[in-house]
Amino acid sequence: MLITFEGIDGAGKSTQISKLANSMTGQGVEVVTLREPGGTVVAEKIRLILLENQHKISSVGELLLFSASRAELVQDIIVPALAEGKTVILDRFFDSTTAYQGYGRGIDLELLQSIIALSTCNIAPDITFYLDIEPEDALKRKYSEKSIPLEFDSDELDRMEQSGIEFYRRVQQGYREIMQLNTKRFVSINALEPANVIHHHITRHLKDRFPV
Ligand code: TYD
């Protein structure tokens with residue numbers, strides 16, 4: 001089974017992923033936890049190029065780098081893990097590309113679909129949890145985590161985070177449209193609820209959708 005988590009930066013995905021991985025492992029499920037971009041030696045190198053804020057990267061270059069990182073992860077790790085019957089929990093997958101590079105950067109959505117098909121070997125998540133949060137709240141969280149004043153050009157932020165509030169509004173709108181087109185796969189959760197409550201929603205949805 002492939003479970004993905006999506007949401008804008010600061011939505012709290014990593015907290016939920018580690019809670020879910022712990023609880024599933026506790027129930028004897030074999031779980032592999034991964035994040036995008038990254039997860040193989042080459043994909044982690046690509047991650048550094050993408051996130052280091054010294055580089056300027058074009059939108060198309062950015063898209064292709066995220067896709068290259070994904071192709072490595074899918075072929076080397078995800079396909080074999082799924083074939084072994086493991087549960088893969090993935091922090092971001094192709095919906096991030098549609099939301100960030102498509103809606104955020106304005107790359108043609110149809111063109112994106114072919115690149116996504118190529119980089120994923122047509123693998124799709126069985127379920128996707130979307131942690132819904134207003135960009136302002138998400139960014140406030142992110143800034144307070146890093147204890148820095150709210151400025152988008154801060155050196156403390158990675159290259160994507162420096163994109164500004166309007167960019168994040170487009171990304172959020174993108175996620176909402178993607179969800180409307182994929183209502184069966186997506187579960188939207190209010191990211192401002194306490195972490196334990198969110199975890200409870202997530203496990204309940206999984207039990208309802210995939211009863212043992
Ligand atoms: P990361 O530090 O992993 O952020 P987060 O904890 O919010 O997931 O950085 C990943 C960044 O890359 C994040 O800003 C989202 C962005 N991204 C894309 O723009 N397109 C993609 O296809 C993926 C996978 C990520």
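Indexing begins at 1, ligand by ligand and atom by atom, following the structure's order. Since the model is a prediction, treat every value here as computed from it, not as a measurement.
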Which of the ligand 1 atoms, numbered from 1, are nearer than 4.0 Å to a heavy atom of Arg70: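 Listed by number with element, the hits are 22 (O), 24 (C).
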
Mark up the atoms of ligand 1 that fall under 4.0 Å of a heavy atom belonging to Thr97, in ascending order.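 Within the 4.0 Å cut-off of Thr97, ligand 1 contributes 21 (C), 22 (O).
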
Among protein heavy atoms, which sits nearest to [atom], and what does the distance come to when rounded to 0.1 Å?
atom	result
atom 24 (C) of ligand 1	Glu36 OE1, 3.4 Å
atom 13 (C) of ligand 1	Asp9 OD2, 3.2 Å
atom 3 (O) of ligand 1	Arg47 NH2, 3.2 Å
atom 10 (C) of ligand 1	Pro37 CD, 3.9 Å
atom 20 (N) of ligand 1	Gln101 OE1, 2.7 Å
atom 18 (C) of ligand 1	Phe66 CZ, 3.2 Å

Tyr175 and Tyr130 aromatic ring geometry - parallel, tilted or perpendicular at 30°/60° bounds: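 Rings of Tyr130 and Tyr175: tilted, as their planes differ by 30° to 60°.
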
Are Asp126 and Arg185 ion-paired here, with the side-chain N under 4.0 Å from a carboxylate O?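 Here Asp126 does not pair with Arg185 in a salt bridge, since their nearest N and O are not under 4.0 Å apart.
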
List the atom of Gln75, the atom of Cys121, and the distance in Å for their closest heavy-atom pair.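 Heavy atoms of Gln75 and Cys121 come nearest at CG-SG, 4.2 Å.
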
Test of proximity, Tyr168 against ligand 1: N or O pairs below 3.5 Å: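 Such a contact does not occur with ligand 1.
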
Give yes or no for whether the N/O distance cutoff of 3.5 Å, strictly under, is met between Arg35 and ligand 1.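 No - when backbone and side-chain N and O of Arg35 are compared with those of ligand 1, no distance drops under 3.5 Å.
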
Give me the other members of the hydrophobic cluster that Val197 sits in, counting Ile, Leu, Val, Met, Phe, Trp and Tyr linked by side-chain heavy atoms under 4.5 Å, directly or via other members.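 Direct or chained contacts put Val197 with none.
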
Which option wins on minimum heavy-atom distance to atom 15 (C) of ligand 1: Arg92, Glu6, Arg159, Met160?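 Selected option, by shortest heavy-atom distance: Arg92.
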
Answer yes or no: is there a donor N or O on one side and an acceptor on the other, between the side chain of [X] and the main chain of [Y], under 3.5 Å?
X	Y	value
Arg92	Gly7	yes
Glu36	Ser69	no
Asp137	Ile133	no

Count I, L, V, M, F, W, Y as connected when their side-chain heavy atoms are under 4.5 Å apart, and connections chain through other members. Are Leu118 and Leu109 then in the same cluster?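 In one cluster: no.
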
Side chain, backbone, both or neither: which part of Leu51 has a heavy atom under 4.0 Å from ligand 1?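 Just the side chain.
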
Below a 4.0 angstrom heavy-atom separation, can you tell me which part of Lys13, side chain or backbone, both or neither, approaches ligand 1?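 Under 4.0 Å from ligand 1, Lys13 contributes side-chain atoms alone.
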
Against ligand 1, does Glu161 come closer than 4.0 Å with any heavy atom?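 Outside the 4.0 Å threshold, so no.
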
Partner of Asp91 by salt bridge (charged side-chain N to carboxylate O under 4.0 Å, His left out), out of Lys13, Arg35, Arg47: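 Looking at Lys13, Arg35, Arg47, the match for Asp91 under the salt bridge (charged side-chain N to carboxylate O under 4.0 Å, His left out) is Lys13.
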
